[in-house]
2 protein chains.
Amino acid sequence: MDSDYPLEQTPARRRRNKVREAILAAAERMFAKEGESGLSIRRLAEEIDYSPSAIYKYFGSKEELLEELKDSFFERLLDQVDRVSAASRDFHDRARACVTTYVSTATARPHHYAAAFSSVPTPEELAIRQHLSWEDFIATSKGQAFKILVDLVEEGQALGVFDTTLDPLKAAKSIWASCHGLALLMIHMPILPDVQPCPAQSDDDFVAYHADIVMRGLAVPAETPHKNGPQS
Amino acid sequence: MDSDYPLEQTPARRRRNKVREAILAAAERMFAKEGESGLSIRRLAEEIDYSPSAIYKYFGSKEELLEELKDSFFERLLDQVDRVSAASRDFHDRARACVTTYVSTATARPHHYAAAFSSVPTPEELAIRQHLSWEDFIATSKGQAFKILVDLVEEGQALGVFDTTLDPLKAAKSIWASCHGLALLMIHMPILPDVQPCPAQSDDDFVAYHADIVMRGLAVPAETPHKNGPQS
DNA sequence: CTATTTTGGTGAACACTGTTCACTTTTTGA
DNA sequence: TCAAAAAGTGAACAGTGTTCACCAAAATAG
């Protein structure tokens, strides 16, 4: 069955991929508009003029299909952030850009981002995930996103703008929590920004504002302000 | 039909409330264990020895029932935070306690908290929510939670520990995002804390750590450290 | 106390859903 | 050319939320 060189694209394979992509494209369209509950295998099959059972020749289950949508979305998000994190600019601008692109690409596809963090692991799954190595973790998309943050923290510490007494992993987790929370808050509760007679600003402005506050929390503390540093 | 004083509890009403509470209790148990997808009207009816259609004499739909579960959970959460925010302690400890109790009560019932922020509003819903007043907003549970944060920020500013140039609303939103994100990160990705040869600490310790970092981001800036304050 | 109306509860049905499986048609590879 | 593998299908299964006609019991009115 396997050919001379493994990457050969027989016409059959090409056709198969085409159908697969058609399924994914329709699913993507559906899911982006109506979310997980709005994505139905039967409607999806109807959309691309196939029978529902045909889908199962390409995806083992609806869950598997959804997993692929979510994964490819998160990898796109990761690429975006990776790009701006590798740009050569002022450190503060670059760090802020990481936050803003993370949040804006997340909110641009609310269903995707929310679904990417939707599973509540059962105790058994939790026990399994407990013993997975750091290497295995940063091999995943989420792990790579986390690694970008860790590197960013370490760079900030090396540049003398971040507190060197902070554990980079903890700091990175703190940053991630702040970004994650803002993105989801904007997705699920998009009313807070200018609910009052204050000068209305755009969402993007607030994200940058939030990013600056988050970074201030990691900055080197003032000489003797109060006894308010996180104790190790 | 209406009696002399509106609060009269006829035996019928009492019986009805009893059944209603039984439904809610079973639903609560089911939902806490298996989440929204695991809560089935039919299984729920079977659990309390009623027919599925009986449920609809007490709740208009599954959505309505779920709404009640989520709302009552969030009000419990609000109560917890309200209590510790009203305690008379050192400001830093109190603020930190607000964050830690918020996050820990959220993670104690992961399905509830996640579901409380699960709806992605459609553009139409968004347009409706756009013109709702500040008064209407802080009448809701979420609004009250937000108000606690705003008050906390203003108190911190009055005490001179928070930067007075910060808009209390924006600062409160920033704090909320950070808490919300940490809670959801711990719910959906409970692997980050000590994934490495670093001294393993408990989740609670990290939440407090995070709280301190968040508060540091709102503290009065050092004299002339860098040009890293959020510009208004 | 009786008659009437309202309430609580049920079973069957409707319109969905994801998924499986026996089956046919098409395509591929030797 | 022929057998084997792949692609695709319709019907069925086991679920789901929800509705509705119907019935019995309780509350209410005369």
Side-chain angles (χ1 to χ4, degrees), chain A residues 1-24 26-27 30-31 33-70 111 115 118-119, chain B residues 1-24 26-27 30-31 33-70 111 115 118-119:
Chain A
M1 178 202 268
D2 45 347
S3 52
D4 301 341
Y5 37 97
L7 285 178
E8 184 185 11
Q9 281 286 55
T10 80
R13 276 254 181 271
R14 250 205 315 263
R15 252 185 308 125
R16 181 164 227 276
N17 277 354
K18 213 155 186 168
V19 176
R20 204 187 136 90
E21 288 307 318
I23 296 176
L24 278 172
M30 242 171 201
F31 180 74
K33 198 174 299 178
E34 316 179 54
E36 177 161 352
S37 66
L39 172 57
S40 146
I41 296 286
R42 298 175 116 103
R43 291 204 311 147
L44 173 59
E46 193 174 14
E47 188 103 357
I48 61 174
D49 290 313
Y50 276 76
S51 84
S53 44
I55 311 282
Y56 289 85
K57 302 285 180 177
Y58 296 86
F59 298 93
S61 66
K62 179 182 178 181
E63 178 126 8
E64 221 173 81
L65 202 166
L66 271 167
E67 210 64 34
E68 192 148 330
L69 288 183
K70 296 189 242 174
H111 285 114
S118 65
S119 79
Chain B
M1 177 204 270
D2 44 348
S3 54
D4 302 338
Y5 36 96
L7 286 178
E8 183 184 12
Q9 280 287 57
T10 82
R13 275 255 181 269
R14 250 204 315 262
R15 253 186 306 124
R16 181 165 228 277
N17 277 355
K18 212 152 188 169
V19 176
R20 204 187 134 92
E21 289 305 318
I23 296 175
L24 278 173
M30 239 171 204
F31 180 75
K33 196 174 300 179
E34 315 181 54
E36 177 161 352
S37 67
L39 171 57
S40 143
I41 297 286
R42 299 177 116 103
R43 291 204 313 147
L44 172 59
E46 194 175 12
E47 188 103 355
I48 60 176
D49 291 311
Y50 277 76
S51 84
S53 43
I55 311 282
Y56 289 86
K57 302 285 179 174
Y58 296 86
F59 299 93
S61 65
K62 179 183 179 181
E63 178 125 10
E64 221 173 80
L65 202 165
L66 271 167
E67 209 64 34
E68 194 149 328
L69 288 183
K70 296 188 241 174
H111 289 292
S118 65
S119 78

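Being a predicted model, the structure only gives us computed values, none of them experimental. Order of the sequence lines fixes the chain letters, A, B, ..., with proteins taken first and strands second; residue numbering starts at 1 for each chain.
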dist B/L65:CG -> B/K70:NZ (nearest 0.5 Å) comes out at 11.0 Å

| Do A/E34 side-chain atoms and A/M30 backbone N/O form a donor-acceptor pair below 3.5 Å? | no

Separation of D/dT19 atom C1' from B/F59 atom CZ, nearest Å, is 18 Å

Self-check item: Side chain B/S53 and base C/dG11 donor-acceptor under 3.5 Å
Solution: yes

Taking C/dG9, D/dT18, D/dT9 as options, the one with an atom nearest any side-chain atom of A/A54 is D/dT9

Taken to the nearest 0.5 Å, the spacing of A/L66 CG from A/E64 CD works out to 10.5 Å

Exercise. Are B/R20 and B/E68 close enough for a salt bridge, meaning some N to O gap below 4.0 Å?
Worked result: yes

Quick check on D/dG17: is either OP1 or OP2 less than 4.0 Å from any side-chain nitrogen or oxygen of B/S61?
no

Assert: residue with more 5' nearest nucleotide on DNA chain C, out of A/G60 and A/R43, is A/R43

Between CZ of B/R20 and P of C/dG9 the distance, given in whole Å, is 13 Å

Does A/Y50 have a side-chain nitrogen or oxygen under 4.0 Å from the phosphate oxygens OP1 or OP2 of D/dA7?
no

When B/E63 and A/Y58 are each assigned the nearest nucleotide of DNA chain D, the 5'-most assignment goes to A/Y58

Name the nucleic acid region contacted by B/L39, choosing base, sugar-phosphate or nothing; use a 4.0 angstrom heavy-atom cut-off, strictly under. sugar-phosphate

Taken to the nearest whole Å, OH/B/Y56 to P/D/dA21 is 17 Å

| request: Would you kindly check whether a donor in the side chain of B/R42 faces an acceptor in the base of D/dG17, or vice versa, at under 3.5 angstrom? | output: yes

Worksheet entry | No-H, no-angle donor-acceptor pair, A/K57 side chain to D/dG8 base, under 3.5 Å | yes

Between CG of B/L44 and P of D/dG15 the distance, given in whole Å, is 17 Å

Whole-Å distance, B/E64 CD to D/dT18 C1', equals 13 Å

Among D/dG17, C/dG18, C/dT27, the one nearest any side-chain atom of A/R15 is C/dT27

- request: Indicate whether OP1 or OP2 belonging to C/dG9 is found under 4.0 Å from a side-chain N or O atom of B/S51.
  value: no

Inset, instruction - Look at B/S40 and D/dG17 and indicate whether a side-chain polar atom (N or O) is within less than 4.0 Å of OP1 or OP2. - result: yes

Value for CG (A/N17) from OH (A/Y58), rounded to nearest 0.5 Å, stands at 9.0 Å

Any donor-acceptor pair under 3.5 Å joining the side chain of B/R16 to the base of C/dG8? no

Between CD1 of B/I55 and P of C/dG8 the distance, given in whole Å, is 14 Å

A/E46 atom CD is separated from D/dG10 atom P, nearest whole Å, by 12 Å

NZ of A/K62 to CD1 of A/I55, rounded to nearest 0.5 Å, is 12.0 Å

Atom CD1 of B/I41 and atom P of D/dT16 are separated, to the nearest Å, by 10 Å

